[in-house]
Amino acid sequence: TQLLEQSPQFLSIQEGENLTVYCNSSSVFSSLQWYRQEPGEGPVLLVTVVTGGEVKKLKRLTFQFGDARKDSSLHITAAQPGDTGLYLCAGVKIIQGAQKLVFGQGTRLTINP
Amino acid sequence: DVKVTQSSRYLVKRTGEKVFLECVQDMDHENMFWYRQDPGLGLRLIYFSYDVKMKEKGDIPEGYSVSREKKERFSLILESASTNQTSMYLCASSLPARWADTQYFGPGTRLTVL
């Protein structure tokens with residue numbers, strides 16, 4: 001059962017355009033994380049959002065956590081070829097003191113020069 | 001910097017073989033995780049360990065077992081490899097949730113079972 005639905009799964013746009021990736025769930029999470037993965041490497045954490053309604057910015061990337069802590073979005077402004085990669089959202093649940101991550105399917109983003 | 005290393009980047013095995021995937025972290029993290037990553041499915045948790053000799057099943061433990069004899073090392077074992085276990089396997093480590101929320105991932109092992 002996929003608890004986190006991420007959309008779109010593939011996105012190819014031109015340099016300079018804006019885009020939004022969505023992550024939706026029927027479950028409530030203690031927090032939600034966004035990762036980026038380059039080919040041949042493991043995912044790397046970009047941001048964690050914790051509070052319902054929270055907005056965090058990382059240069060041209062804006063992350064938002066839904067008020068009910070069930071959904072999130074990633075918005076990229078003026079996309080650059082260096083933004084190309086696989087973006088993953090992950091809901092966080094705490095089990096036995098460890099963070100258990102529930103991942104979305106991923107969005108493979110390609111920014112064309 | 002945290003470093004998580006995995007024993008092989010690429011591995012090819014035959015159906016029925018016993019397969020060991022090794023993961024080592026150098027940051028004294030209590031928690032370690034094994035995921036598999038498949039296109040369109042994201043990462044799915046196989047097993048995790050929150051202490052030496054402790055293990056918990058994740059979402060898809062069937063066909064896998066794990067071993068954690070030392071804090072820095074977490075092994076994933078495929079007792080009898082099958083073709084549907086062909087996948088990318090990722091190991092991760094972290095501090096306990098009360099201290100930090102970041103999982104650090106290794107580069108992955110791409111396993112092909114023929």
Side-chain angles (χ1 to χ4, degrees), chain A residues 1-11 21-25 27 29-51 54 56 63 65 69 72 85-108, chain B residues 1-6 8-10 21 23 25 29-61 68 74 88-110:
Chain A
T1 302
Q2 189 74 39
L3 298 181
L4 267 177
E5 294 293 330
Q6 194 171 336
S7 63
Q9 290 195 34
F10 298 93
L11 187 58
V21 177
Y22 298 93
C23 184
N24 296 296
S25 174
S27 299
F29 296 101
S30 59
S31 60
L32 195 137
Q33 299 183 331
W34 285 91
Y35 288 80
R36 178 178 160 182
Q37 186 177 16
E38 304 276 3
E41 298 179 11
V44 175
L45 179 66
L46 294 174
V47 76
T48 301
V49 284
V50 179
T51 307
E54 182 177 3
K56 280 191 174 178
F63 304 86
F65 202 12
R69 300 195 351 258
S72 181
L86 179 66
Y87 290 81
L88 296 156
C89 65
V92 181
K93 296 192 173 187
I94 307 300
I95 298 175
Q96 297 281 13
Q99 322 92 331
K100 180 184 175 185
L101 300 180
V102 178
F103 282 87
Q105 303 98 319
T107 295
R108 189 162 297 281
Chain B
D1 279 352
V2 176
K3 193 164 186 182
V4 179
T5 57
Q6 296 183 228
S8 305
R9 296 299 294 266
Y10 299 93
L21 302 183
C23 174
Q25 49 95 3
H29 284 171
E30 282 79 1
N31 301 327
M32 296 189 75
F33 309 81
W34 274 107
Y35 297 87
R36 64 177 282 176
Q37 183 174 25
D38 301 287
L41 296 177
L43 278 72
R44 292 178 292 166
L45 182 64
I46 303 171
Y47 269 97
F48 70 98
S49 169
Y50 53 91
D51 203 349
V52 176
K53 296 191 187 294
M54 305 303 288
K55 61 184 179 184
E56 288 285 336
K57 291 181 179 179
D59 299 316
I60 52 165
R68 191 159 180 210
F74 193 33
M88 170 70 82
Y89 289 89
L90 290 160
C91 174
S93 73
S94 74
L95 288 168
R98 66 182 181 276
W99 299 118
D101 62 6
T102 304
Q103 286 191 18
Y104 296 89
F105 285 83
T109 296
R110 185 166 293 282

Chemist: Which residues pass the side chain to side chain contact (heavy atoms under 4.5 Å, CB included) test with S31(A), not counting sequence neighbours?
Modeler: T48(A), V50(A), V92(A)
Chemist: Using a 4.5 angstrom heavy-atom cutoff, name the option from C89(A), P43(A), G40(A) with the most pairs to chain B.
Modeler: P43(A)
Chemist: Checking L101(A) against chain B: side chain, backbone, both or neither under 4.5 Å from a heavy atom?
Modeler: both
Chemist: Let's test your reading of the structure: which of S30(A), G106(A), A90(A), G42(A) forms the most heavy-atom pairs below 4.5 Å with chain B?
Modeler: G42(A)
Chemist: Would you say the rings of F74(B) and F48(B) are close, in the sense that their centroids are separated by under 6.0 Å?
Modeler: no
Chemist: Which atoms of Q9(A) are under 4.5 Å from chain B, going by heavy atoms: the side chain, the backbone, both sets, or neither?
Modeler: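 Contact with chain B is through the side chain of Q9(A) alone.
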Chemist: Using a 3.5 Å distance criterion without hydrogens, assess whether the side chain of T107(A) forms a donor-acceptor pair with backbone atoms of P8(A).
Modeler: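 Such a contact is found between T107(A) side chain and P8(A) backbone.
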Chemist: Between chain B and each of Q37(A), E38(A), Q6(A), count heavy-atom pairs under 4.5 Å; write down the option with the most.
Modeler: Q37(A)
Chemist: Report the residues that fulfil side chain to side chain contact (heavy atoms under 4.5 Å, CB included) with R9(B), sequence neighbours left out, ordered by chain and then residue number.
Modeler: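 Counting only residues at least two positions away or on another chain, R9(B) forms a side chain to side chain contact (heavy atoms under 4.5 Å, CB included) with P107(B).
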Chemist: Quick one: sort the Y35(A) and F105(B) rings into parallel, tilted or perpendicular, breaks at 30° and 60°.
Modeler: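 Perpendicular.
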Chemist: Answer with side chain, backbone, both or neither: which region of Q6(B) has an atom nearer than 4.5 Å to a non-hydrogen atom of chain A?
Modeler: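 For Q6(B), no heavy atom lies under 4.5 Å from chain A.
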